[in-house]
Amino acid sequence: MRAEFLEYGYDDSLRRLFKTSKRALGASEKELKAIFKVLPDWEDTFGIVGNMGNTGTFLFEALGKWMEDITLAHERGQKLVLTTFCYPAGVLRAFDCVPLNMELMTAFGNVLWKRGVFEFYDYCTELGMTETSCSGQRGAMGAYLAGAGETPDFVLINSPGFCDSNANSFQFYASYKDVPIYSHDCPPELTGKRAMEYHHRDFRNMLEFMEEQTGRKLDWDYLRSVMAEIRKQDALVDEIMTLAMQVPNPVPCFANVALYAVKLAFSGFEEATPILEEIVRVSKENMKNGIAGTLSGKERARVLPCYIDHYSQGLKFWNFLNRHDISHLGSILDFFWNEGCPYDKGFDEETYKMDTESEETIIDSLAGQLARMPMVKQIIGPYHKKTQWLEDTLSAAKLYKADAVVYVGTFGCRNTWSVVKPFAADLEKTGCPTYILVADAFDDRVASWETCEKRMLEFFHLRGIL
């Protein structure tokens with residue numbers, strides 16, 4: 001690895017970037033023109049983020065604070081926990097721990113830096129990690145394996161059962177760095193007495209692991225306050241997802257990323273709640289004015305990414321949608337299955353609820369949330385069975401009046417690549433045009449964004465969507 005990539009900490013570089021960007025979002029038009037002369041690639045990014053009112057300011061402020069928490073965790077006597085995107089971070093605060101979420105950290109580096117994180121992908125491969133493992137972890141994980149950032153104290157993951165590639169990356173890190181790891185697992189059924197009992201025992205075992213690693217007893221009262229904030233955030237997310245059903249969709253195009261960044265990185269953290277409140281405010285204002293959440297305010301088509309988004313530098317995927325007046329209806333990462341969510345299809349047993357009455361109900365609630373995190377819920381069993389990927393996608397496509405479904409993944413997504421063709425065929429049988437993008441959501445070297453855009457545009461034109 002080139003020496004310059006080790007000169008500055010990965011997390012500290014992101015901290016500085018978010019803090020600088022937050023200030024720039026409040027710049028005057030004259031100041032922005034001067035900034036874009038030096039950083040022309042940022043003009044589109046600022047246009048998208050600025051379209052969401054104060055959401056971008058609130059988001060960058062929260063992300064800057066998170067990066068600061070990461071860089072100062074050990075100095076403050078806190079534990080730093082390496083974890084995955086599908087782990088609700090709120091419970092870690094009850095142990096005074098700071099989460100270090102690999103997939104979000106990879107996406108930040110990929111989207112915000114022109115150099116991307118390719119050097120870190122390759123470093124993982126040099127150490128022995130297979131190059132066909134998920135690029136969602138390898139980008140940031142390469143930096144931490146190389147020592148270009150704070151060193152996590154232990155690993156906590158929730159991915160076995162739905163993604164062996166994800167799980168193996170964290171197992172590799174724990175083995176290479178010789179740090180403890182706790183790995184939740186998922187039975188192949190979401191609902192039922194046996195599944196609930198398993199998740200309850202598994203979650204209690206995790207709490208014991210956390211107490212052992214931190215030397216702290218769980219603060220149940222603090223955990224109750226976290227759960228109260230989760231309820232508040234869930235209600236706001238439900239409002240956003242309900243607004244997205246309107247035609248035109250008034251929710252800003254890029255809001256889906258802010259939404260799942262809050263739920264994945266700040267679940268139960270009160271400083272992140274204003275981000276969701278601002279998305280609701282802007283979306284309601286758009287609906288009142290009868291306009292879509294695209295930059296032009298027009299809506300020519302409605303697209304549902306059935307898996308994840310594409311994280312090219314400069315937010316190229318969302319720029320593509322905005323240029324063609326396409327509404328983003330939310331990816332799999334925006335559907336969290338809390339009690340009362342607008343997409344539960346009437347199957348209450350598929351949702352989780354926050355019940356703080358006793359220690360047992362708290363564990364059941366948080367274990368239920370854990371089992372229903374994006375992908376964890378949909379990819380643990382056969383894709384066409386009840387509660388799984390096809391049923392959820394079909395339901396969302398109908399509910400949100402999608403003109404097309406688009407699959408975007410990484411080359412490490414073996415559990416979806418193995419079934420994506422019959423999955424797409426089943427969607428097509430219902431009259432839902434479905435496009436499989438053969439690319440990697442994080443690694444443009446597999447297929448350049450320009451290639452991806454041409455392929456998607458061709459599909460939209462051939463199917464009469466645009």
Side-chain angles (χ1 to χ4, degrees), residues 85-86 103 107 134 136 162-163 165-166 190 237 241 244-245 249 251 253-257 259-260 263-264 301-311 317-318 320-321 326-337 341-345 350 372-442 447 452-453 455-457 459-460 463 465:
F85 77 96
C86 49
E103 291 83 2
C134 181
F162 86 91
C163 186
S165 177
N166 183 304
L190 178 69
V237 170
M241 297 304 288
M245 295 179 190
N249 171 17
V251 180
C253 191
F254 187 62
N256 82 295
V257 177
L259 187 158
Y260 63 66
K263 285 294 290 177
L264 299 176
R302 300 165 65 88
V303 169
L304 178 76
C306 62
Y307 201 51
I308 59 176
D309 300 309
H310 195 288
Y311 306 102
F317 177 62
W318 290 272
F320 166 76
L321 297 178
I326 300 173
S327 285
H328 192 304
L329 301 176
S331 72
I332 200 173
L333 300 177
D334 296 288
F335 292 81
F336 287 89
W337 293 91
C341 63
Y343 43 83
D344 70 359
K345 304 166 294 187
E350 292 190 38
R372 286 157 179 79
M373 291 296 283
M375 297 189 202
V376 179
K377 176 187 185 292
Q378 294 90 351
I379 317 293
I380 56 170
Y383 80 95
H384 59 291
K385 296 297 184 182
K386 187 176 181 297
T387 78
Q388 296 299 291
W389 194 26
L390 179 64
E391 182 185 67
D392 284 5
T393 304
L394 271 173
S395 175
K398 292 175 183 176
L399 199 60
Y400 288 88
K401 304 177 185 66
D403 294 307
V405 167
V406 174
Y407 170 83
V408 184
T410 82
F411 269 26
C413 299
R414 300 183 186 101
N415 286 22
T416 51
W417 277 114
S418 62
V419 299
V420 73
K421 285 189 176 180
F423 167 84
D426 287 342
L427 285 170
E428 289 276 358
K429 287 174 187 174
T430 69
C432 183
T434 305
Y435 181 67
I436 302 169
L437 182 64
V438 182
D440 191 295
F442 294 89
C452 295
E453 182 172 337
R455 290 172 179 170
M456 282 196 291
L457 203 53
F459 170 78
F460 291 141
R463 300 303 292 271
I465 295 164

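Between Y343 and W337, the ring planes are perpendicular. Angles over 60° get that label, and only those under 30° would be called parallel.
Between the Q388 side chain and the G381 main chain, a donor and an acceptor come within less than 3.5 Å of each other. Using modelled atom types, no side-chain atom of N166 and backbone atom of C163 make a donor-acceptor pair closer than 3.5 Å. Within the 3.5 Å criterion, the main-chain N or O of T410 finds no donor-acceptor partner in the side chain of D440. The backbone N or O of T393 sits nowhere less than 3.5 Å from a side-chain atom of Q378 that would complete a donor-acceptor pair. The main-chain N or O of S395 is never found under 3.5 Å from a side-chain atom of Y400 such that the two would form a donor-acceptor pair.
F317 has its side chain within reach of H328: a pair of non-hydrogen atoms, C-beta onward, lies under 4.5 Å apart. A heavy-atom distance below 4.5 Å is found between the side chains of L427 and L390. Between M375 and I332, some side-chain heavy-atom pair lies under the 4.5 Å cut-off. W389 places a side-chain heavy atom less than 4.5 Å from the side chain of V419.
When every heavy atom of F459 is checked against every heavy atom of A404, the shortest pair comes out as CE2-CB, 4.2 Å. Closest approach of I465 to P433, counting heavy atoms only: CD1-CB, 4.1 Å. Taking both residues in full, the closest heavy atoms of G330 and N256 are given as CA-CB, 4.3 Å, listed atom of the first, atom of the second, then distance. For A441 against I308, the heavy-atom pair with the smallest separation is CB-CD1, 3.6 Å. Contact detail for A244 and R302: the closest heavy-atom pair is O-NH2, 3.0 Å. Between R455 and V438, the shortest heavy-atom distance links the atoms NH1-O, 3.2 Å.
Note that CD1 of I379 is 11.5 Å distant from SG of C86, once rounded to the nearest 0.5 Å. Distance check: F336 CZ to M241 CE gives 9.5 Å after rounding to the nearest 0.5 Å. Residue L321 holds its CG atom at 7.0 Å from CE of M456, rounded to the nearest 0.5 Å. The structure places CG of L304 at 7.5 Å from SG of C432, a figure rounded to the nearest 0.5 Å. Note: D426 CG to L394 CG = 8.0 Å, rounded to the nearest 0.5 Å. Atom OG of S331 and atom OH of Y260 lie 5.0 Å apart (nearest 0.5 Å).
Inspection of the D309 and W318 side chains reveals no N or O donor paired with an N or O acceptor under 3.5 Å.
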Exercise for the section: In sequence, state the C-alpha distance, the side-chain angles, and the governing distance for V406 and F460, and then conclude on side chain to side chain contact (heavy atoms under 4.5 Å, CB included). Expected result: CA-CA 10 Å; V406 174; F460 291 141; 4.2 Å; yes

Practice task
Kindly indicate, with the supporting measurements, whether the criterion salt bridge (Lys or Arg N to Asp or Glu O under 4.0 Å) is fulfilled by D392 and K377.
Solution key: CA-CA 10 Å; D392 284 5; K377 176 187 185 292; 2.8 Å; yes

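A ring pair (Phe, Tyr, Trp, His ring centres under 6.0 Å) with Y407 is found for exactly one of F423, Y383, Y307, Y435, namely Y307. Tested against E391, the residues E350, K385, H384 include a single side-chain contact (heavy atoms from CB on, under 4.5 Å) partner, E350.
Sparse packing is recorded around NZ of K421, with 12 or fewer heavy atoms of other residues, nucleotides or ligands lying under 6.0 Å away.
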